[in-house]
Amino acid sequence: MNNNLQIYNTLSRTKEKFEPIVPPHVGMYVCGPTVYGDAHLGHARPAITFDVVFRYLMHIGYKVRYVRNITDVGHLENDADEGEDKIVKKARLESLEPMEVVKLFTDRYHKNMDQLNVLHPSIEPTASGHIIEQIELIKSILNNGYAYEADGSVYFDVEKYNKDYQYGKLSGRKTEDLLENTRILAGQDEKKNSYDFALWKKTDPKHIMQWPSPWSDGYPGWHLECSAMGAKYLGEKFDIHGGGMDLLFPHHESEIAQSNASRGHDPVKYWMHNNMITIGGQKMGKSLNNFITLDEFFSGNQELLTRAYSPMTIRFFILQAHYRSTLDFSNEALQAAEKGMHKLFNTIEIIDKLVPTEKSTIDVRQFESRLYEAMNDDFNTPITIAYLFDLSRLINQVNDGKEKLTKEDISFVKELFAVFIFKVLGLKNESGKNSDLLIDQLMNTILVIRNDAKLNKDWATADRIREDLSKLKINIKDTKDGSEWSFE
RNA sequence: GGUACCGUGGCCGAGUGGCUAGGCGGUGGUCUGCAAAACCAUAUACGGCGGUUCGAAUCCGUUCGGUACCUCCA
């Protein structure tokens, strides 16, 4: 097992050596989507980031249980509707049952994740399926004296908690500052302090989504589901908790508080946060309404897009930046990523055609340790990719006869590429070599005719075939070894 | 206002006290009926001002600019 992995822990703000609590097992929990709308580019980032974490941990020999939740109870929405559940609001707008909305967008999310070649998590629990666990958690927080009831609702007592623990240690906040800055919300007068947050919220009978509890008919608070489900499936303390940076406060901060208040210790060893994707330097997000959905990227149907981009282009684009940096979207950047990725896939095909020699003139073995070092350094995928490009150039030089490789080195390189590109980075070749035998033979016939035309210097016919096929998105390339075709 | 973070060549993006990041684009080649693709080779950099140092884009201070969180948000 590769034992040099360093992970940047938000809690300590430093890179730490990764040592799982119960090796070789690793428990990882990542905040999934709230399913009330289509997934956009921002959702792709944590999904892909932690997919690579998942893949790499398994690759270096860990047994990983990866839990990614679906938030289907919704969070309070603090606009004019004053405390209305997000999913309920969407349901009213579209005259659907809340669970109909949940099903629709969960399915669409899954489809997008499959397109992005994101592995399925080991467990994908829903908040609505764990109301009992959340109620139990509230009970224990109440029993320990860190919460209080007010008119059927239950609130977390941050001031009390802060005497025994430290509220704000993850996000670097102080409760005094929070006092001055917390926005005035509905139900504020029930709370002892403005920064107290709801564990259980009483609701009126009109509210569609509600559950009975010892305190009132209502629904669980904003941050409870992850605390409850993380503990249920990964234990009271587990290794990695991931999510977007925007969840750092108050969401993850409150998870830590809930865990301490109920169980007396922190829930997580390593906190990982991916940075945001920006558009024109600004965060892409629901609230700013400046997001582009994944389906829009795949179809090109959006005014900001000059054309469509494939799922793998999106994936490669995201992996070309480190997960803790912001990543700025632009058509230009996306097209650059696409070309670069094709170059890599092209190299893989070239490896198969290399002619081995007795001796190697270049050292390709050193790339193995370099690639692992890059990944071990807090999952530095941009460096990993840079090394793959270096390797690609060397392979092309071999192909050009400028350098030489032995048979053993060639298969070594081939394996290295396969491991990192397909297994670790999770990319797949989308180029449409059609496996349909009929199409293959039809194309063969066409190319033979065109080649005859070329031999007769009948350029008009040759060009016409090429142009007409290009309208069908079939591209012809003339090479030394004859003509090749590819779809799309 | 509080708390973090960032400012790198035309674009996107790594990294680091002295040694080529990488990709795209540009330029020059190879190949080619043409085209496209592919390949090879290249140039352009670290916001401003001070300081530490033999040496800083990298550390410190300061200043300007930008972003995020503090409210649901990946």
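Protein chains get the first letters and strands the later ones, always in sequence-line order, with residue 1 at the start of each.
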Considering every strand and a 4.0 Å limit on heavy-atom distances, what is the contact class for A/M276: base, sugar-phosphate, or nothing? base
Check the phosphate of B/G25 against A/K339, side-chain N and O only, distance under 4.0 Å to OP1 or OP2. Yes or no? yes
Any donor-acceptor pair, under 3.5 Å, between the side chain of A/D463 and the base of B/G33, if you only look at N and O atoms? yes
Need one value for A/M341: base, sugar-phosphate or nothing, where a base atom within 4.0 Å counts as base even if backbone is also close, heavy atoms only. nothing
If the cut-off is 4.0 Å, is A/K402 near the phosphate of B/A41, judged by side-chain N/O to OP1 or OP2? no
Please state whether the rings of A/Y372 and A/Y56 are parallel, tilted or perpendicular, taking 30° and 60° as the class boundaries. tilted
Please work out if A/N274 contacts a base, only the sugar-phosphate, or nothing of the nucleic acid, heavy-atom cut-off 4.0 Å. base
Any side-chain N or O of A/N275 less than 4.0 Å from the OP1 or OP2 oxygen of B/A68? no
With a cut-off of less than 4.0 Å, is there a side-chain N or O of A/K283 near OP1 or OP2 of B/C69? yes
With ring centroids as reference points, do A/H40 and A/F329 lie under 6.0 angstrom apart? no
Mind checking if A/N399 touches a base, just sugar-phosphate, or nothing, with heavy atoms under 4.0 Å? nothing
Examine the base of B/A4 for any acceptor or donor lying under 3.5 Å from a partner atom in the side chain of A/R13, and report the outcome as yes or no. no
Between A/D478 and A/K454, is the closest basic N to carboxylate O distance under 4.0 Å? yes
Using a 4.0 Å heavy-atom cut-off, does A/L247 contact any base of the nucleic acid, only the sugar-phosphate backbone, or nothing at all? sugar-phosphate
